[in-house]
Participant: 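Sharing a structure here in structure tokens format.
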Amino acid sequence: MQARSAAERREALVELYREVSACARCPLHQGRTKVVFGAGNADADLMFVGEAPGQQEDLQGLPFVGRAGKLLDQLLGEVGLERVDVFITNVLKSRPPGNRDPEPEEIDACKPYLHKQVELIEPRVICTLGNFATKLLTRSQRGITGVHGRPQVHELGGRAVRVFPIYHPAAALRSTKTLEELREDFRRLSELLEEPPPVPIGAVAPMAAIAVEPAPEPPQINLFD
Ligand code: URA
């Protein structure tokens, strides 16, 4: 595939925004006030993916503008980042009624939009906030408590990307321990962003890089003792 310039990718993202704004792929479109497409830098190295819009987000059409969003802003600030440096979006682009958990069919209907966003923004690191985003983008049922703070490489949007699962800020608002762990994971972000792009999955390492040392002989199995 031919590389596209940042301006071309941005234009395609605006086109995608128009498409998502009119989306009726699942019943959530009936109850929403505004679609929450996501916001921030269209060429960001760092992307955050939350769960779904809440009441404030639905009213304003912007992600993370409620209490959890204020905490996200604060944590970004503590590591020298602002919203304009990153792109923030959600698994679902429309608010589930009463902020209930996303249903599997809703996630399925919405996920092509998230994949397209990743393809167009080309982030180096994607922070998945909480269980829903983590399970979707790591394609695993392992929950956030077991995997937070451990970067993984996944193929997303046609590229190998580092996925960095962290707690959802709403969970950190309910527990000081979770907040401290989230803070600690945030502190690793600058180091992660400095790492060279991950080797594409399935790529074969050059021969010179493999087996410089002769492989040790396997231990002999004594059949007669
Ligand atoms: N929680 C989310 O997961 N996303 C938002 O946009 C707001 C709160």
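Numbering of ligands and ligand atoms starts at 1, following listing order.
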Participant: Compute both the distance and the angle, then confirm whether R83 meets the cation-pi test with F64: under 6.0 Å from the six-membered ring centre, within 45 degrees of the axis.
Facilitator: no

Participant: Could you name each residue pair satisfying side-chain hydrogen bond (donor to acceptor under 3.5 Å, both in side chains) that touches residues 127-142, not counting sequence neighbours?
Facilitator: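 side-chain hydrogen bond (donor to acceptor under 3.5 Å, both in side chains) check on residues 127-142 returns T128-T134.
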
Participant: Write down, by chain and number, every protein residue that brings a non-hydrogen atom to less than 4.0 Å from an atom of ligand 1.
Facilitator: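 Only G50, E51, A52, E57, P63, F64, N90, H168 have heavy atoms that fall under 4.0 Å of ligand 1, ordered by chain and number.
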
Participant: Does anything in residues 160-175 pair up under side-chain hydrogen bond (donor to acceptor under 3.5 Å, both in side chains), and if so which pairs, sequence neighbours excluded?
Facilitator: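 Found R162-E195, S175-T178.
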
Participant: Please go through L62's hydrophobic cluster and name the other residues, only I, L, V, M, F, W, Y counting, with side-chain heavy atoms under 4.5 Å joining them.
Facilitator: V65

Participant: Between R10 and D43, is the salt bridge (charged side-chain N to carboxylate O under 4.0 Å, His left out) condition met? List the steps.
Facilitator: CA-CA 7 Å; R10 187 179 191 286; D43 192 29; over 6 Å; no

Participant: Decide, yes or no, whether a salt bridge links R18 with E15 under the criterion of side-chain N to carboxylate O below 4.0 Å.
Facilitator: yes

